[in-house]
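All remarks here apply to the structure that follows.
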Amino acid sequence: MTNLNILTILSLLFISYSYTSVEIENNVRKCPCKYSDSCDIIPLQKDKKIIIGFMTDLGYSFFRFYEMYKLTTVFLPLNDTEFLQDFLCYAHEQKVSVLLRVDPTLKVVLNNSLHRQWAQETIKTVQDRYLDGINFDFQSPLDFDHASYYTSLVNYTCTNLRVANKEYQCSLNMPWSGDCIDGRCYNVYSIAEVVDYIVILSFDVQDDEDGPPCYARANSPFYQGLGAVVVYVEAGLALKQVVVALPWYGYMYDCLSVDKSNLCTIKERTSEPYCSDRVGKKMTYNDFVSLINNPKANVTSHWNSTYMSPYLMIYNGDSIQQGWYDNPMSLSFKINAVKQMELGGIGVYNMDCLSYIDDMQVREMWNTLDLIN
Ligand SMILES: *[C@@H]1O[C@H](CO)[C@@H](O)[C@H](O)[C@H]1NC(C)=O
Ligand SMILES: *[C@@H]1O[C@H](CO)[C@@H](O)[C@H](O)[C@H]1NC(C)=O
Ligand SMILES: *[C@@H]1O[C@H](CO)[C@@H](O)[C@H](O)[C@H]1NC(C)=O
Ligand SMILES: *[C@@H]1O[C@H](CO)[C@@H](O)[C@H](O)[C@H]1NC(C)=O
Ligand SMILES: *[C@@H]1O[C@H](CO)[C@@H](O)[C@H](O)[C@H]1NC(C)=O
């Protein structure tokens, strides 16, 4: 055997070896969807209004009933452990972006030397699942002196995500008010520089109220909610960077007393915030509709023009309850206002608050999203 032959054989071996290794690599990364282009990244469409659907784990059993074509983006459930690749394929077939929703722990946020590892793991999850980016939804309180740690984690992660692929999206959720509400402080202006857009969760507004006495109030009051959005814009957010998420759920409260104008006094908490929606019971839009449609429930429906929100009263013997929620009418007012303010778009929190066998409910709620365009 000549040297040449040995070299040829070796090179063939080498080629076949490297071929095998690429093959293995390809097998691991093989697109799991029916159509291979469903694994392509769906980038942010800059010329369109953003329309986001928040999802919960429940959604994995009926996502095919979502009116997906009305959305630009879905945020996966927080700390998603049930992730279903079929869902990603389905969303991508309809050119809807799917973002990984993450809540980093306080321990990670406050330790700069943990940022790198956290970012790498998170970016790897985005890549492995063929997702389109990250949605930051840090839920822990963070005082103003420590707000820059979060900015730095978001900056590091989003910068590296874009290095992995410049089409990936980075977004971040903030509570209804930028005023360190619920002890959550943000460097709004700096964060806006590093993310594509900010989603303002315009609900759970009750927490802000100083009291006692405490009263049942709207979950997403029109003027207060949108007023707080204006404050965010004044803090340096570009209009197009602001997306307003609205609730498809509400709260039911037990009234300690009710006056003639239906003002319902509720229990106060023993620690701050003394007046909070946490004393109420969270209920989905479908829960409210079911109550209203139940002739045995003794429900009366009302409208409060201060909040531009519907509410209902339930009298049952000596007990009185008041429930606050959003319906197509209250959502339409807010979505029209978001449009007039020329903000970046809207979101729905969350898509799984409906009964998808109730066609009318589904149609009426999803149709409100059309008002943004
Ligand atoms: C998500 O996970 C983090 C860390 O494990 C945890 O602190 C946080 O409470 C979780 N959030 C939810 C909504 O489960
Ligand atoms: C930050 O994380 C590093 C790496 O895990 C660790 O060695 C260090 O003790 C942590 N610092 C603090 C203040 O917890
Ligand atoms: C983001 O990080 C880069 C690199 O460390 C830095 O130059 C930039 O100022 C940071 N941006 C913000 C808004 O913190
Ligand atoms: C709406 O409800 C709030 C609190 O429940 C109350 O203060 C306000 O007066 C109500 N507005 C009207 C027009 O009844
Ligand atoms: C039903 O509600 C009305 C007020 O809307 C109240 O007067 C009546 O007592 C309630 N009926 C029962 C059975 O609780």
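The residues of the chain are indexed from 1 along the displayed sequence. The analysis underlying the following values was restricted to heavy atoms, covering all of them including side chains, and did not include hydrogens, waters or symmetry mates. We count ligands from 1, going down the list as the structure has it; atoms in each ligand are counted the same way.
Shown in contact with Leu114 at under 4.0 Å from a heavy atom are these atoms of ligand 2, numbered in order with element: 2 (O), 4 (C), 5 (O). For ligand 3, the atoms sitting less than 4.0 Å from at least one non-hydrogen atom of Glu193 are 13 (C), numbered in the order shown with element in parentheses. Of all atoms in ligand 2, numbered sequentially from 1 with element shown, those under 4.0 Å from a heavy atom of Asn111 are 1 (C), 2 (O), 3 (C), 8 (C), 10 (C), 11 (N), 12 (C), 14 (O). Counting the atoms of ligand 4 from 1 in the order shown, those under 4.0 Å from a heavy atom of Ser305 are 13 (C).
Summary of contacts: the protein heavy atom closest to atom 6 (C) of ligand 4 is Leu263 CD1, 4.0 Å.
Taking the ring axis of Phe54 as reference, the NZ or CZ atom of Arg101 does not stay both within 45° of it and closer than 6.0 Å to the ring centre.
Taking the centre of each ring, Trp118 and Phe136 come in below the 6.0 Å mark.
Using cut-offs of 30° and 60° for the angle between ring planes, the Tyr325 and Tyr285 rings count as tilted. Aromatic ring orientation, Trp366 versus Trp248: perpendicular (interplanar angle above 60°, classes split at 30° and 60°).
By the 3.5 Å distance cut-off applied to N or O atoms, Asn155 is counted among the residues near ligand 3.
Looking at Asp196 and Arg162, their side chains come closer than 4.5 Å, going by heavy atoms from C-beta outward.
Under a 4.0 Å heavy-atom criterion, Tyr307 is in contact with ligand 4. A heavy-atom separation below 4.0 Å is found between Ala216 and ligand 4.
Atom 13 (C) of ligand 2 is never approached by the protein to below 4.0 angstrom, counting heavy atoms only.
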* Report the C-alpha separation of Thr56 and Asp352 in whole Å, then their side-chain angles, then the decisive distance to 0.1 Å, and conclude whether the side-chain hydrogen bond (donor to acceptor under 3.5 Å, both in side chains) test is met. => CA-CA 7 Å; Thr56 70; Asp352 305 328; 2.6 Å; yes
